[in-house]
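Since the structure comes first, as C-alpha cells, the remarks are kept for the end.
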Amino acid sequence: MNESIFILQGNVIYTKEPGKFEIIENGYLVCEDGKVKDVYRTLPFSLGAVPVKDYRGKLLIPGLVDLHIHAPQYTFRGLGMDMELLEWLEVNTFPEEAKYKDLTYAGKAYEIFVENLKKSATTRACIFATVHREATLLLMDMLEEAGLDTMVGKVNMDRNCPDYLREDSADSAAETIEWIKDAAHRKYEHTKPILTPRFIPSCTDGLLEDLKKIQMRYDLPVQSHLSENISEIDWVKDLCPQAEFYGDAYDRFGLFGMDAPTVMAHCVYSDEKEIQRMKENEVFIAHCPESNMNVSSGIAPVRRFIEAGLHIGLGSDVAGGATENLFMAMAHAIQASKLRWRIQDERLQPLKAEEVFYMATKGGGAFFGKVGSFEPGYAFDVVVLDDSRLKHPQYLDIQKRLERMIYLGDDREIAAKYVDGRKIL
Ligand code: GUN
Ligand code: FE
C-alpha cells in the first residue's frame, strides 16, 4: 500500500457551511497525498489494508486558521491593556518592535512565539513581523522548521512612527524586494511572503504606489488593518480626504482585493459602502474580537458581514489580543456579538458556535485555498483533541464536547496535529 495514504479514526466534526456541524461519531478520516480523500462512517473494503491511527474517543477537527497575528508582539501580550489603540502603539508596540533590529533578540523572542504557536490548535496563520528584513527571514525559517503553514509579512512603515523605526520610503520598497528575493532563495514549502503595509497612517502614497508595483511583479497577497478604532479612522480621514471611506484609501492603490488577494483586520466601523467594496473585491475580513475589546475599538458587525456574503475568518491579533488560543477567539466572537445585539443593534442576531467554528476553519481557511474542511480535496490539516481533562459527570455528545472546547479548551487538549498530512505534533 502507498505510504502517502493513511487513516485517522475518531469523532470527526467540521463545518461545510456556517450554520451547521457535520458530525461522524467514531468515523474514519482518510488522507491521501496530503489531502482529505473522504470521511467514512464505516471503512470501505478497498481501504482495508491502509494503516489506521487510533484516536477513538477523541475529537478530530480541521486545524484552526489565524488570519491576523503579530509575532513580535508576543512578548508583551497581557501588558498595557489599559490603553486605547494609538497610545498603545506608541507606548507598547513601537518600542518593542524596534528591538527586532537585533537578530539575537529576535531569535530569542521568535523562538517562544513559534514554539507556542506550534503547540496551539492553529495550523495556518497570516503573520505580521516587523520592518526588519533579516529578522523577518529568521521568523520565516523558524515557522518553516516548525511545519506550520503561514504567510508572513515584513512590515512597511515610512511615516507617523518614531524615527528609530521609520523606514525611508525608497528603502522600504527596496528592502521589501530584497526580502521577497531572499525568501524565494530559501525555497520554503509552507511559508509565503505577504505584503504588509502596516495601515494607512504609517504609509505614504509613494510607498503604496511602490508596493502595488511589487505586488503585481511578484503576484503577492496583501494584509493590513482597516476601520479598527474611532481615533484611527478620524486620522485616516484627515490624512486622505480624497478617499471615499477607509478601504478606498487602499483601493486607490490597488491594494484592496481584486487581483491582490487581501485580508483586512478588524472592520469594526465598516459602513455599507465599505462592505459593498469588500464584497466586490472579495476582501477577507479578520475578525479579532479580543483585540477590539482590549484596545477599546468596539464590536464588529459580524452578522452583517455574514448576511452580505463576505469572506470572514478569525484573528487573535496578538498582542491586541492576549492569547493565540483561537478557541478563546471563538468564545470572544460569540460574547462580543451578544453585547452588540443587546447594547447596539437588535437586528444583528448573536453568533452561534457553528458559525464561529466555521469562521475559525473554512471561513479563514479559504484565504489559503481549499483549507479548513474535511470535504474531499481539502488540505489534510487536522487537530486531535483529547478533552478528558474537562471532566463531566454525564455523557456528552460530540457537539457539546466541541462547544465546551470553545469555552474551556487550550493546548493541554491537543493530542496531535497534522498540516498537509504531515504530523507536526
Ligand atoms: N494598527 C496598526 N498597527 C496595529 C497593530 O500592531 N495592532 C493593531 N491592533 N492595530 C494596528
Ligand atoms: Fe493587528
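We use all heavy atoms of the structure for the numbers below, so side chains are in, but hydrogens, waters and symmetry mates are not. In listed order, ligands and their atoms are each counted from 1. When a residue number appears, it is its place in the shown sequence, counting from 1.
Atoms of ligand 1 found under 4.0 Å from any heavy atom of His266 (numbered from 1 in listed order, with element): 9 (N).
Restricting Asp317 to its N/O/S atoms, the shortest distance to the Fe ion (ligand 2) is reached by OD1. Nearest to the Fe ion (ligand 2), among the N, O or S atoms that His225 has, is NE2.
Under the 6.0 Å cut-off for aromatic ring centres, Tyr14 and Phe357 do not qualify, their centroids lying 6.0 Å or more apart. Note: Phe305 and Phe284 fail the aromatic proximity criterion, with ring centroids not under 6.0 Å apart.
Closest to atom 3 (N) of ligand 1 among all protein heavy atoms lies Arg198 NE, 2.8 Å. Looking only at heavy atoms of the protein, atom 10 (N) of ligand 1 is closest to Glu228 OE1, 2.8 Å.
Between the side chain of Asp149 and the backbone N or O of Arg124 there is no donor-acceptor pair closer than 3.5 Å. For Ser291 (side chain) and Cys288 (main-chain N/O), no donor-acceptor pair under 3.5 Å exists by modelled atom type. At least one donor-acceptor pair under 3.5 Å links the side chain of Ser224 to the backbone N or O of Pro197. Of the possible polar contacts, none joining the Glu32 side chain to the Lys37 backbone as a donor-acceptor pair under 3.5 Å is found. In this structure a side-chain-to-backbone donor-acceptor pair under 3.5 Å is present from Lys417 to Thr122.
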Practice problem: Go through the steps to decide whether Arg304 and Glu272 satisfy the test salt bridge (Lys or Arg N to Asp or Glu O under 4.0 Å), and finish with yes or no. | Solution: CA-CA 10 Å; Arg304 176 72 198 105; Glu272 286 303 316; 2.7 Å; yes

Quiz item: Does the side-chain contact (heavy atoms from CB on, under 4.5 Å) test come out yes or no for Arg404 and Leu396, once each step is laid out?
Solution: CA-CA 10 Å; Arg404 270 163 50 95; Leu396 294 178; 3.5 Å; yes

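By the criterion of a heavy-atom distance under 4.0 Å, the side chain of Leu89, and not its backbone, is placed next to ligand 1. Neither the backbone nor the side chain of Phe94 comes within contact range of ligand 1; no heavy atom lies under 4.0 Å.
Geometrically, ligand 1 and Glu97 share no nitrogen or oxygen pair separated by less than 3.5 Å. Where the criterion is an N or O separation shorter than 3.5 Å, residue side chain and backbone included, Gln73 meets it with respect to ligand 1.
Ligand 1 lies out of reach of Phe128, whose nearest heavy atom is not under 4.0 Å from it. Close to ligand 1: Asp317, with a non-hydrogen atom less than 4.0 angstrom away. The shortest heavy-atom distance from Glu232 to ligand 1 is not under 4.0 Å.
At a cut-off of 2.8 Å, His70 is counted among the residues with an N, O or S atom near the Fe ion (ligand 2). At least one N/O/S atom of His68, whether from backbone or side chain, sits less than 2.8 Å from the Fe ion (ligand 2).
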